[in-house]
Number of protein chains: 2
Amino acid sequence: MKATLLLHTALRHFAQHGYEGASLQEIAQDVGIKKPSIYAHFRGKDELFLSAMTYALDTQKIHLATYFISTRHLSLEQSLKGFFEWFLEESTQNDQLKFILRISYFPPVKLEREVTDLINPFFDSLHRHLTRLLRERDRTEQLLFSDDYASAALAYLTVTEGTMTEFVYNGVEAYQRRFTAVWPIFWRGLVR
Amino acid sequence: MKATLLLHTALRHFAQHGYEGASLQEIAQDVGIKKPSIYAHFRGKDELFLSAMTYALDTQKIHLATYFISTRHLSLEQSLKGFFEWFLEESTQNDQLKFILRISYFPPVKLEREVTDLINPFFDSLHRHLTRLLRERDRTEQLLFSDDYASAALAYLTVTEGTMTEFVYNGVEAYQRRFTAVWPIFWRGLVR
DNA sequence: GTTCACCTTCCTAACGGTCGTTAGTTAACA
DNA sequence: TGTTAACTAACGACCGTTAGGAAGGTGAAC
């Protein structure tokens with residue numbers, strides 16, 4: 001009970017202050033316990049961080065996948081485009097995604113290896129999932145310009161991340177401004 | 001002399017470890033002086049950070065502008081596309097760009113306001129510069145699909161940042177993979 | 001049904017270490 | 001003579017971590 005609360009609180013602090021900037025003192029205070037009590041649940045700061053990370057990746061991996069599954073009945077464009085809005089709505093209350101974005105780009109130096117080993121499978125899985133989605137959809141809808149689905153998926157990921165990180169730092173308006181600007185161009189380049 | 005050396009060294013440390021993660025001790029050691037000697041040049045860590053930031057923004061603002069000026073004789077596509085390669089080459093030895101990217105997305109919490117006030121004009125200026133470039137080029141080349149040059153510039157910035165941040169974290173290969181994937185699609189969506 | 005050992009979870013106190021910062025001093029230089 | 005830039009020493013604050021103990025629950029032994 002307190003352990004998962006610790007996980008969630010730590011997640012939020014790491015997302016906002018980074019690994020070095022987050023303090024066990026403040027995390028414990030947010031949870032409502034004293035700092036040393038954290039050690040009843042985790043070996044130390046490293047384990048807390050890596051546990052939070054594993055937890056966030058596992059949860060969000062499923063979470064992202066279910067979005068694309070739940071929009072199977074929509075057109076490909078609606079599904080891909082809608083993902084941006086869905087993600088925006090998610091992120092306003094989903095600290096895990098912010099956390100993942102932050103530590104993906106700027107992992108703590110001393111845990112770089114461990115972070116990479118956890119993150120890479122996550123994005124690889126997302127990439128594979130998208131590639132498969134594009135291939136399957138194109139078989140029925142036949143609207144993509146190129147059949148290099150892996151590249152298309154990677155391009156899509158690049159555009160989403162470019163706008164998402166904008167959201168993390170500059171907020172909703174900047175995010176939507178970017179999306180409005182980039183989507184028509186990207187989609188026009190993607191289809192026949 | 002030592003002051004600018006401090007600025008450069010601090011820049012590198014902040015880029016690699018973030019504000020909280022960077023230590024004055026290590027910065028001083030890299031420069032070859034003792035930690036308190038920093039205070040002969042800067043009021044403290046905050047001023048060192050903000051000075052480094054101002055310096056980096058000023059330098060890179062000019063640096064980015066000169067690229068687009070120096071490629072005036074090339075086609076628009078060559079100029080825009082070449083920027084990615086240019087940036088890649090730059091970034092391998094240009095800590096200032098890495099620094100700017102990092103603190104743009106994840107500024108130190110306690111200096112968030114100051115960072116935003118410095119960063120926003122930088123990106124605004126870049127955006128305006130690109131918008132003007134697109135408008136001027138399109139007057140002669142007439143190859144863009146839409147005349148909403150501001151949106152086109154913003155979309156271009158989104159794509160560049162999406163790939164650039166990929167470079168910061170995942171290195172050259174990932175960067176080039178992304179660029180190869182996203183550029184044909186983006187360009188196809190941009191022109192008639 | 002009571003007792004006893006054990007484990008979990010929290011606590012207080014304190015550790016060694018590093019942090020950014022300040023005071024006070026010295027040598028070089030204008 | 002005053003200023004600059006470096007130094008040593010030391011400050012208080014906070015860092016992550018450990019030791020040791022109190023409270024509560026669980027479960028087996030009697």
Side-chain angles (χ1 to χ4, degrees), chain A residues 1-56 99 102-103 106-115 118, chain B residues 1-56 99 102-103 106-115 118:
Chain A
M1 187 66 64
K2 276 276 169 64
T4 61
L5 181 57
L6 260 172
L7 231 45
H8 281 94
T9 308
L11 214 49
R12 228 176 46 242
H13 281 252
F14 285 133
Q16 196 171 5
H17 303 95
Y19 177 83
E20 289 93 350
S23 132
L24 293 186
Q25 169 96 296
E26 292 180 15
I27 293 172
Q29 193 171 312
D30 258 27
V31 170
I33 60 176
K34 301 296 176 186
K35 184 173 58 163
S37 304
I38 294 177
Y39 289 75
H41 304 275
F42 301 94
R43 283 179 179 281
K45 195 180 188 182
D46 290 8
E47 195 186 285
L48 178 60
F49 178 84
L50 292 174
S51 297
M53 189 171 159
T54 309
Y55 174 69
F99 173 75
R102 173 162 201 159
I103 61 164
F106 305 111
V109 181
K110 63 175 288 202
L111 295 177
E112 207 160 4
R113 170 82 60 83
E114 289 87 340
V115 168
L118 287 171
Chain B
M1 188 62 66
K2 275 276 168 64
T4 61
L5 181 55
L6 260 172
L7 230 43
H8 281 94
T9 308
L11 214 50
R12 227 176 48 241
H13 281 252
F14 284 132
Q16 195 171 5
H17 301 96
Y19 177 82
E20 289 91 351
S23 134
L24 293 186
Q25 169 97 296
E26 292 179 16
I27 293 172
Q29 193 172 313
D30 257 28
V31 171
I33 60 176
K34 301 296 176 186
K35 182 173 58 161
S37 305
I38 294 178
Y39 288 75
H41 304 275
F42 301 94
R43 284 180 178 282
K45 195 181 188 182
D46 290 8
E47 195 185 286
L48 178 59
F49 178 83
L50 291 174
S51 296
M53 189 170 158
T54 308
Y55 174 69
F99 173 75
R102 171 161 202 162
I103 62 165
F106 305 109
V109 181
K110 62 173 289 201
L111 296 178
E112 208 161 4
R113 169 82 59 82
E114 290 86 339
V115 168
L118 286 171

Please list, for nucleotides 18-22 of chain C, all pairs of protein and nucleotide N/O atoms separated by less than 3.5 Å.
unit_1 : atom_1 : unit_2 : atom_2 : d
C/dC19 : OP1    : B/S23  : OG     : 3.1
C/dG20 : OP1    : B/A22  : O      : 3.3
C/dG20 : OP1    : B/K45  : NZ     : 2.9
C/dG20 : OP2    : B/L24  : N      : 3.1
C/dG20 : N7     : B/K35  : NZ     : 2.8
C/dT21 : OP2    : B/Y39  : OH     : 2.5
C/dT21 : OP2    : B/K45  : N      : 2.8
C/dT21 : O5'    : B/Y39  : OH     : 2.9

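- Counting only heavy atoms from C-beta outward, the side chains of B/E20 and A/Y19 never approach each other to under 4.5 Å.
- Within the structure, every side-chain polar atom (N or O) of A/S37 is placed at least 4.0 Å from both OP1 and OP2 of C/dT9.
- With sequence neighbours left out, the ring-ring contact (aromatic ring centres under 6.0 Å, His included) criterion links A/F42 to no other residue.
- The CG atom of B/L5 sits 14 Å away from the C1' atom of D/dA6 (whole-angstrom rounding).
- For C/dC10, one of the phosphate oxygens OP1 or OP2 lies less than 4.0 angstrom from a side-chain nitrogen or oxygen of A/H41.
- Put simply, CG on A/L6 is 14 Å from C1' on C/dT8, counting in whole angstrom units.
- When rounded to the nearest whole Å, the span between NZ of B/K2 and P of C/dC29 equals 13 Å.
- Between A/I27 atom CD1 and D/dC15 atom P there is a gap of 10 Å when expressed in whole angstrom units.
- When every heavy atom of B/V115 is checked against every heavy atom of B/P108, the shortest pair comes out as CG2-CD, 4.3 Å.
- For A/K34, the listed nucleotide lying nearest its side chain is C/dC11; candidates were C/dC10, D/dC7, C/dC11.
- Distance A/E47 CD to D/dT17 P: 10 Å, rounded to the nearest Å.
- Taking 4.5 Å as the limit, every side-chain heavy atom of A/I103 sits out of range of all side-chain heavy atoms of A/L111.
- Nucleotide C/dT8 holds its P atom 15 Å from the CZ atom of A/F42, rounded to whole Å.
- Environment of CD in A/Q29: sparse, with no more than 12 heavy atoms of neighbouring residues, nucleotides or ligands closer than 6.0 Å.
- For the pair B/F14/B/K45, a side-chain contact is recorded, criterion being any heavy-atom separation below 4.5 Å from C-beta on.
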